[in-house]
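Single-structure report; data block below.
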Amino acid sequence: MQEKSLRIPKKDWIEGRRRLLEWFDVHQRPLPWRENPTPYATWLCEIIMQQTRIEQGLRYWYDFLTLWPDVDALAASSLDDVLKAWQGLGYYSRARNLHRAAQLIAHERDGQFPTSAKEWKNIPGVGPYTAAAIASICQGECVAAIDGNVLRVISRLLGVQEPIDRPAGRNQIETFSEEWLSEIKPGTHNEAVMELGATVCTPRAPQCPACPLSDICRSDQANTGLTPLIPTKAGKVKVQDVHLTFHVVTSGQNVWMRQRPENGVWGGLWEFPSHVEQDGKKHTTAPLPPKGMEEGDVSSHGAWGHSFEHILSHRRLTCRFWIWKTDMNFKPFEGRWLSWKDAKKLAIPRALDRFWLDLEKSQSTNMSS
DNA sequence: AAATCGGGGCC
DNA sequence: GGCCCAGATTT
């Protein structure tokens, strides 16, 4: 185990570490959360940035800090408001865990944040990476934070040929990372490795000539030419086809909506009642009325059979929307009546947002024509 | 150990 | 169309 992690002589990686920190001091991007890293702002940042590009998440980080400047404010908010602010960012369990964690910290920890990576891991939504990142960057703890950038940088540095999404490859990277970590400035070291991965040791077209570690790297193009081939991954996700039918049950300016269960796709978000076609079957031309709703309950139906494709990372959704008109005395199934205006204040999936835009466009076209 | 969970940007 | 992104949680 030790041999694997020490294929680079110690004097070399000590020197490499020094040059990395030197490089970081000069070339780091001016990211706003580096200016005044408080536990709250750093925690918020790390949760938002999980599996998210900086450019995409930045706006959300600002929005959350503006809406809820501290953990007490966040804890006092409603889950619906948090989900609404999170809308469009994806992985919605992060938002629900964030809200739950804020209440835990505010009410059960007297507003006190954890002070070690081990404690941080007990906070909902905080796993190994996030715990290490906050504790090292914000609280000076000597613990390695390993994200996608680090996996790529270290696998290339060591020339790890085993898949990094399997224990064999992952363990090599973890072992070396803990050893390599600067005991002087662990937070800066962690940020430096991530920054190198984000700006120089990139997934495609890495800029090895600009890398402060190129002379000791086991896969630099100038040495072995392995850089484009590392890291390797074993995991391959098969994308399934799913056909969804949404029933837009309306009455005048009101619409029937329900909240999705916490588990599963779009957990906790609001939607029009929907159902999945069995066994991935394609849509039939004539949709049945939603369950619990008889033909006689509707005054008209099938007004607009809008349909489009929506891609998730693990699903290919074909979404069909069917509009039914009824009256508000009718409460067909789980959910509630909402005015269009109030419904828009709720967090909804991107796919429904698309539908909504198309519908309004269609209505304005009809009115003008 | 493997599956699940979004959406957007890039090639 | 595939890949990846400042990963965590559930099964």
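Residue numbers start from 1 in every chain, and the chains themselves are labelled A, B, ... in the order their sequence lines are given, proteins ahead of strands. Quick note: numbers below take in every heavy atom, side chains included, and nothing from hydrogens, waters or symmetry partners.
As rounded to whole Å, 8 Å separates atom P of dC5(C) from atom CG of D147(A). One interatomic measurement links the two molecules: CZ of F308(A) to C1' of dG7(B), which rounds to 14 Å at whole-angstrom precision. Taking atom CG of residue D165(A) and atom C1' of nucleotide dA2(B), one finds them 11 Å apart after rounding to whole Å. The distance between atom CG of L58(A) and atom P of dA6(C), rounded to the nearest whole Å, is 12 Å. Atoms CD (E55(A)) and C1' (dC10(B)) sit 11 Å apart, rounded to a whole Å.
Checking the phosphate oxygens (OP1, OP2) of dA2(B), a side-chain nitrogen or oxygen of R166(A) falls inside 4.0 Å. At dT9(C), none of the side-chain N or O atoms of Y91(A) fall inside 4.0 Å of OP1 or OP2 (strictly under the cut-off). OP1 or OP2 of dC5(B) lies within a sub-4.0 Å distance of a side-chain N or O belonging to H314(A). Residue R96(A) has no polar side-chain atom (N or O) positioned under 4.0 Å from OP1 or OP2 of dT9(C). Within the 4.0 Å cut-off from OP1 or OP2 of dG6(B), not a single side-chain nitrogen or oxygen of H310(A) is found.
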Let's go through W324(A) and W256(A) carefully: what are the C-alpha distance in whole Å and the side-chain angles of both, what is the deciding distance for side-chain contact (heavy atoms from CB on, under 4.5 Å) to 0.1 Å, and is it a yes or a no? CA-CA 10 Å; W324(A) 308 84; W256(A) 186 268; over 6 Å; no
Report the C-alpha distance between Y129(A) and Q50(A) in whole Å, list the side-chain angles of each, state the deciding distance to 0.1 Å, and finish with yes or no for side chain to side chain donor-acceptor pair (under 3.5 Å). CA-CA 9 Å; Y129(A) 161 76; Q50(A) 284 168 13; over 6 Å; no
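Candidate nucleotides dG6(B), dA6(C), dC5(B) were compared by shortest atom distance to the side chain of R315(A), and dC5(B) ranks first. Relative to the side chain of E191(A), the nucleotides dG6(B), dC5(C), dA6(C) differ in distance, and dA6(C) lies closest. Taking the side chain of R152(A) as heavy atoms from C-beta on, and the options dC5(C), dC5(B), dA6(C), the nearest nucleotide is dC5(C). For N97(A), counting side-chain heavy atoms from C-beta on, the closest listed nucleotide (dA1(B), dG6(B), dT9(C)) is dT9(C). The side chain of R204(A) approaches dC3(C) more closely than any other nucleotide in the set dC5(C), dC3(C), dA6(C). Closest to the side chain of M194(A), from the set dG7(B), dA6(C), dG6(B), is dA6(C). For P203(A), whose side chain is taken as the heavy atoms from C-beta onward, the closest listed nucleotide among dA2(B), dG7(B), dC5(C) is dC5(C). Side chain of W266(A), nearest nucleotide from dA6(C), dC4(C), dG7(B): dG7(B).
Here W86(A) lies out of heavy-atom contact (under 4.0 Å) with every strand. Residue G264(A) is in sugar-phosphate contact alone, with no base atom involved, counting any heavy-atom pair closer than 4.0 Å across all strands shown. Note on L31(A): a base of the nucleic acid sits closer than 4.0 angstrom, heavy atoms only. Across all strands, I54(A) comes closer than 4.0 Å to base atoms (heavy-atom distances). Among the atoms of the strands shown, only primed sugar atoms or phosphate atoms (P, OP1, OP2) are found under 4.0 Å from some heavy atom of V126(A). Nucleic acid contact for S93(A): none, since no nucleic acid atom lies under 4.0 Å from a heavy atom of the residue. Within 4.0 Å (heavy atoms only), I311(A) reaches no atom of the nucleic acid at all. R316(A) comes within 4.0 angstrom of sugar-phosphate atoms only, judged by non-hydrogen atoms across all strands, and of no base.
The residue among K233(A) and Q50(A) whose nearest nucleotide of DNA chain C lies closer to the 5′ end is K233(A). Toward the 5′ end of DNA chain C lies the nearest nucleotide of E46(A), the other residue of the pair E46(A) and N263(A) mapping further downstream. Across the interface with DNA chain B, nearest-nucleotide mapping of R350(A) and Q240(A) shows Q240(A) to be the residue nearer the 5′ end.
With respect to R336(A) and D342(A), no salt bridge is recorded, no charged nitrogen being found less than 4.0 Å from a carboxylate O.
Side-chain rings of F321(A) and F308(A) approach one another, their centers coming within less than 6.0 Å.
The base of dC4(C) sits within donor-acceptor range of the side chain of R53(A), with an N or O pair under 3.5 Å. The base of dG7(C) does not come close enough to the side chain of T130(A) for any donor and acceptor atom to sit less than 3.5 Å apart.
Note on residues 55-65 of chain A: no pairs pass side-chain hydrogen bond (donor to acceptor under 3.5 Å, both in side chains), not counting sequence neighbours.
Separation of the P atoms belonging to dA6(C) and dC5(B) is 23 Å when rounded to the nearest angstrom.
In Q253(A), the CD atom is not crowded: 12 or fewer heavy atoms of neighbouring residues, nucleotides or ligands sit closer than 6.0 Å.
Donor-acceptor pairing under 3.5 Å is recorded for the side chains of T115(A) and E119(A).
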